[in-house]
Protein chains: 2
Amino acid sequence: MANSASGDSVVDRVVRVIEAFPEGADALQLSELAERSGLPLSTTHRLVRQLAGHGLLELGVGGNVRLGLRFWELVSRNSPALALRQAAMPFMEDIQQVLKQNVNLGVLEGWEVLFVERLSRRGSVANRARVAGRMPVHISSAGLALMAHQPQTVQAEYLTQFHDPAGKVTAGVVRQMLAETRRQGFAELAGVVDPDTWGIAVPVLDGGKRAVAALGVVVPLAEVRLQALVPALQTAARGIARQLAEPGGFRSTESV
Amino acid sequence: MANSASGDSVVDRVVRVIEAFPEGADALQLSELAERSGLPLSTTHRLVRQLAGHGLLELGVGGNVRLGLRFWELVSRNSPALALRQAAMPFMEDIQQVLKQNVNLGVLEGWEVLFVERLSRRGSVANRARVAGRMPVHISSAGLALMAHQPQTVQAEYLTQFHDPAGKVTAGVVRQMLAETRRQGFAELAGVVDPDTWGIAVPVLDGGKRAVAALGVVVPLAEVRLQALVPALQTAARGIARQLAEPGGFRSTESV
DNA sequence: CGGCCCGTTTCCATTCAATGGTAGGGCGGC
DNA sequence: GCCGCCCTACCATTGAATGGAAACGGGCCG
């Protein structure tokens, strides 16, 4: 009953608060935030007020809280995500204008794909990928493209821990999909994400042939022209890779 | 010589650290970060390690620090910036395809414009606006469009505090520009940002005729066809406004 | 090869900021 | 009008945050 009954530091708690915002929710009640973050109401209240004081959170009328523009600004302006995005955007737009369909760009984060950018025209087919959203590796073409071009050790580790909550897919199946993806140089996933759509993705490779990102499209199942599509994607991916190689470009996560 | 010699809380310090990243810098030395944030080295080191533990920062090889993808993810996925962007993107792409030039989207933050999105084709003219970057209100067409459609009280307050560091522009001149912008319904700025470019922007108005964002383009000074351009922008701006009005849409900053 | 310099990392006694239970206030619903 | 819910404010307690100092590491120069 003193400094932190739960034994975590102030930083931990701030992170808890930020992480408590569920994806897609724009505003939360203070009490709800407290519950979600697992912190006492008093503590949450104090932290929120402090963060709001810096503009990182914005306080609405009745104690409702949302993330502030300032926070987005601070974090975005130096994020590797932005650098990657900037390098890729022109190529993504080219692809999109030719195909008139969804284009997306993802990176590997944990054992999931994190989508950094998505272009979708009105009228294009549904696309589950959301900007700053995640998807499991094994049910997204971008995920397969990324994982198939990771070092063997990483792939092995991924397959070891792999577990499908639905219990439908086994690690063996995923291994085969990865092998096939690697062999082809691109990933395809028909009707998995959505019954009527086809996902296709190619890796963006760095100097060491490691995938730092994946460039993908989602097209209607009917009109798939792989012969035209894949080369276009691969060309774009090379362009992105070249752009990244330039000074100040994006480097993949090289943690300690 | 105990808890915070400088009298600021842990939250304050975390913010200081994040803010210490200068725009565009992808990695910082720990010592540099400590100096920039004005914190003792030990403290900076401890905070950085904690944040890195949560993936918000990433530690490079020799104590160099950068923002983590996870941070971008957490902050982006619920940011009003993303909501606004999502509503605006399709319209921005339309505009861009017709004009083949830069399109940008900004909001008012403090007394500056914060650019939330920018589309730029290769080959289009230079554009100072960077995503998550800022520009002064009075030297950006987006800024004028935004400020000209704020409540009178806000405009008055802005003009009162206005001060051009270069000393060239007076508040009176800005007032006139705002009036002209308001009269016309769009802002134009020729050769100010860049000598050979023309910036044009229109406000995205909410129900109360208040500008929540500004949609702008940057075109070469030579080929300006206002008659075609402005209506196109205004149409797009209305489309964005309509999209925002939908449930879950972007609401402008309504602080306490 | 050795010494030096510079930056990162670890250690630890001091102390005040963080904590959170409790109480007050305001709004809406029954 | 009464009750319940939620935000806000208060305040004694105490352990987490602090930062100077020293150890560590590695790259450069003499």
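Just so you know, these numbers use all the heavy atoms, side chains as well, and skip hydrogens, waters and symmetry mates. Within every chain, numbering begins at 1; the chains are lettered A, B, ... in the order of the sequence lines, protein sequences first and strands thereafter. Please read all numbers here as calculations on a predicted model, not as lab measurements.
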Look at the side chain of A/S42 against the base of C/dG21 and say whether a donor-acceptor pair falls under 3.5 Å; ignore hydrogens and angles.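 Flag set: donor-acceptor pair detected.
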Taking atom types as modelled, find out whether A/Q50 and B/S9 have a side-chain donor-acceptor pair closer than 3.5 angstrom.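 Result is yes, a qualifying pair exists.
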DNA chain D: 5'-proximal contact among B/Q50 and A/L41 (nearest heavy atom):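 Mapping each residue to its closest nucleotide by heavy atoms, the 5'-most match is A/L41.
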Is B/S31 near enough to C/dC6 that one of its side-chain N or O atoms lies under 4.0 angstrom from OP1 or OP2?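 So the side chain of B/S31 is outside the cut-off, no N or O lying under 4.0 Å from OP1 or OP2 of C/dC6.
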With a cut-off of less than 4.0 Å, is there a side-chain N or O of A/T43 near OP1 or OP2 of C/dG20?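 Indeed, a polar side-chain atom of A/T43 lies that close.
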Could you tell me the separation between the [atom1] atom of [X] and the [atom2] atom of [N], rounded to a whole number of Å?
X	N	atom1	atom2	answer
A/H45	C/dT22	NE2	P	19 Å
A/L47	C/dT19	CG	P	6 Å
B/Q29	D/dG27	CD	C1'	13 Å
A/L57	D/dC7	CG	P	14 Å
A/E35	D/dC5	CD	C1'	13 Å
B/R46	D/dG19	CZ	C1'	8 Å
A/N64	D/dT8	CG	C1'	15 Å
B/L30	D/dG25	CG	P	17 Å

Please determine, for the side chain of A/R49, which listed nucleotide (D/dC7, D/dA9, C/dT9) has the closest atom?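 Nucleotide nearest to A/R49's side chain: D/dA9.
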Of the candidate nucleotides D/dT8, D/dC6, C/dT19, which contains the atom at the shortest distance from the side chain of A/R13?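 Ranking D/dT8, D/dC6, C/dT19 by closest atom to the A/R13 side chain puts C/dT19 first.
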Only counting residues at least two apart or in another chain, list the ones meeting side chain to side chain donor-acceptor pair (under 3.5 Å) with A/Q29.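 Residues passing side chain to side chain donor-acceptor pair (under 3.5 Å) with A/Q29: none at all.
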Just by modelled atom types, is the B/V212 backbone N or O under 3.5 Å from a matching donor or acceptor in the B/D206 side chain?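 Such a contact is absent between B/D206 side chain and B/V212 backbone.
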Please name the pair of heavy atoms, one in A/S120 and one in A/N102, separated by the smallest distance, quoted to 0.1 Å.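 In terms of heavy atoms, the two residues are closest at CB-OD1, 2.6 Å.
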Parallel, tilted or perpendicular: which describes the rings of A/Y158 and A/W111, with under 30° parallel and over 60° perpendicular?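 Ring orientation, 0 to 90° scale: tilted.
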